[in-house]
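Start at 1 with the first residue, then count along the sequence.
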Amino acid sequence: MTARVYTTRRSSIVTALSSKLKSIDGTGEFLTDLYENVEPRLLFWDEVTDFPAVHINAGQETREYQGGGYRDRFLTLTIRCYVSEENAQDALSALLEDVETVLETNSALKYTDKLGVEHSTHQISLLSIDTDEGVLEPLGVGEMQVEVRY
């Protein structure tokens with residue numbers, strides 16, 4: 001089988017990143033124990049029952065055409081973080097820091113496409129972080145917008 005060079009790899013990248021985020025276990029450099037509570041899709045609010053939790057959703061994908069037939073692909077991801085604690089904003093801040101640590105240490109994220117060929121991303125960039133700013137205490141919700149170039 002011939003590898004398809006310029007097809008979307010959205011689900012493969014989300015799955016690989018989900019796997020990396022499951023390493024947030026409260027030990028070493030991590031402040032939070034996710035208990036592997038990571039979903040490779042967004043859930044509705046009423047579906048979130050276990051805290052802390054991280055959910056990832058693949059959004060818009062664009063292409064930038066270079067010379068010689070080369071194309072850069074840019075995939076926007078939304079990473080939503082949920083906590084439920086007495087001091088939710090502190091817990092949310094710690095979880096967001098942990099997620100950012102995983103993104104920084106895995107900028108060249110290895111993933112396998114649907115044909116079983118291993119690839120890696122060129123760069124993962126954190127574009128923005130937004131939170132509920134304590135409005136939902138004792139719940140806390142944060143959202144990261146991330147761009148993956150591959």
Side-chain angles (χ1 to χ4, degrees), residues 6-64 66 70-114 116-150:
Y6 292 112
T7 59
T8 185
R9 300 192 184 123
R10 302 162 62 86
S11 61
S12 299
I13 291 170
V14 169
T15 300
L17 184 56
S18 296
S19 177
K20 293 294 184 186
L21 289 169
K22 288 180 181 182
S23 69
I24 299 174
D25 62 1
T27 64
E29 62 190 347
F30 296 119
L31 306 170
T32 310
D33 189 348
L34 272 177
Y35 309 101
E36 296 192 12
N37 194 9
V38 179
E39 291 287 333
R41 64 186 182 94
L42 290 183
L43 298 178
F44 291 107
W45 280 88
D46 60 342
E47 294 178 295
V48 181
T49 56
D50 296 323
F51 299 92
V54 173
H55 301 157
I56 306 169
N57 186 53
Q60 179 181 1
E61 186 170 351
T62 60
R63 306 283 192 274
E64 187 174 297
Q66 310 289 342
Y70 182 78
R71 297 174 206 145
D72 280 320
R73 290 160 292 185
F74 298 89
L75 173 62
T76 302
L77 300 177
T78 300
I79 301 174
R80 199 161 291 145
C81 301
Y82 301 92
V83 297
S84 179
E85 291 191 25
E86 187 174 314
N87 195 341
Q89 287 307 294
D90 286 346
L92 182 59
S93 180
L95 179 54
L96 290 168
E97 285 180 34
D98 288 343
V99 170
E100 187 171 2
T101 297
V102 170
L103 294 174
E104 287 178 1
T105 57
N106 291 284
S107 189
L109 179 69
K110 291 190 186 307
Y111 63 94
T112 304
D113 68 16
K114 292 181 181 187
V117 178
E118 187 175 277
H119 303 275
S120 64
T121 60
H122 299 296
Q123 181 177 344
I124 298 178
S125 302
L126 178 56
L127 302 177
S128 68
I129 300 174
D130 193 18
T131 72
D132 69 313
E133 299 300 329
V135 174
L136 302 173
E137 288 272 356
L139 298 175
V141 179
E143 186 174 278
M144 294 179 154
Q145 293 295 317
V146 175
E147 182 180 73
V148 178
R149 183 170 71 94
Y150 69 100

Of all the heavy-atom pairs spanning [X] and [Y], show the shortest one and how long it is.
X     : Y      : value
Leu95 : Cys81  : CD2-CB, 3.6 Å
Val99 : Met144 : CG1-SD, 3.5 Å
Ala88 : Gly140 : CB-N, 3.9 Å
Ala16 : Tyr111 : CB-CB, 3.7 Å

May I ask you to test the [X]-[Y] pair for a side-chain heavy-atom distance under 4.5 Å?
X      : Y     : result
Leu17  : Ile79 : yes
Glu143 : Thr78 : yes
Ile56  : Leu21 : yes
Tyr82  : Leu43 : no
Ser19  : Thr15 : no
Arg80  : Val48 : no

Using modelled atom types and a 3.5 Å cut-off, is there a donor and acceptor pairing between side-chain atoms of [X] and backbone atoms of [Y]?
X      : Y      : result
Asp132 : Val141 : yes
Tyr150 : Arg9   : yes
Ser125 : Leu127 : no
Thr112 : Ser12  : no
Arg10  : Gly59  : yes
Asp98  : Ile24  : no
Asn37  : Pro52  : yes
Ser93  : Gln89  : no

Inset, instruction - Before giving the answer on side-chain contact (heavy atoms from CB on, under 4.5 Å), spell out for Glu64 and Arg149 the whole-Å C-alpha distance, their side-chain angles and the decisive distance to 0.1 Å. - result: CA-CA 10 Å; Glu64 187 174 297; Arg149 183 170 71 94; over 6 Å; no
Inset, instruction - Check the side chains of Glu61 and Thr76 for a donor-acceptor pair under 3.5 angstrom, ignoring hydrogens and angles. - result: no
Legend entry - Test item: side-chain donor near acceptor, Asn87 and Glu137, under 3.5 Å: no
Legend entry - Residue Glu86 excluded, over 12 heavy atoms near CD under 6.0 Å: no
Inset, instruction - Assess whether atom NZ of Lys20 is packed by more than 12 heavy atoms of other residues, nucleotides or ligands within 6.0 Å. - result: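 Open: at most 12 neighbouring heavy atoms sit under 6.0 Å from NZ of Lys20.
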Legend entry - Stepwise side-chain contact (heavy atoms from CB on, under 4.5 Å) test for Glu147 and Ile124: CA-CA 6 Å; Glu147 182 180 73; Ile124 298 178; over 6 Å; no
Legend entry - Interatomic spacing from NE2 in His55 to CD in Glu47 - rounded to 0.5 Å: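 If I round to the nearest 0.5 Å, the distance is 8.5 Å.
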Inset, instruction - Mind checking the CD-CD spacing from Glu97 to Glu104? Nearest 0.5 Å is all I need. - result: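 If we round to the nearest 0.5 Å, Glu97:CD and Glu104:CD are 10.5 Å apart.
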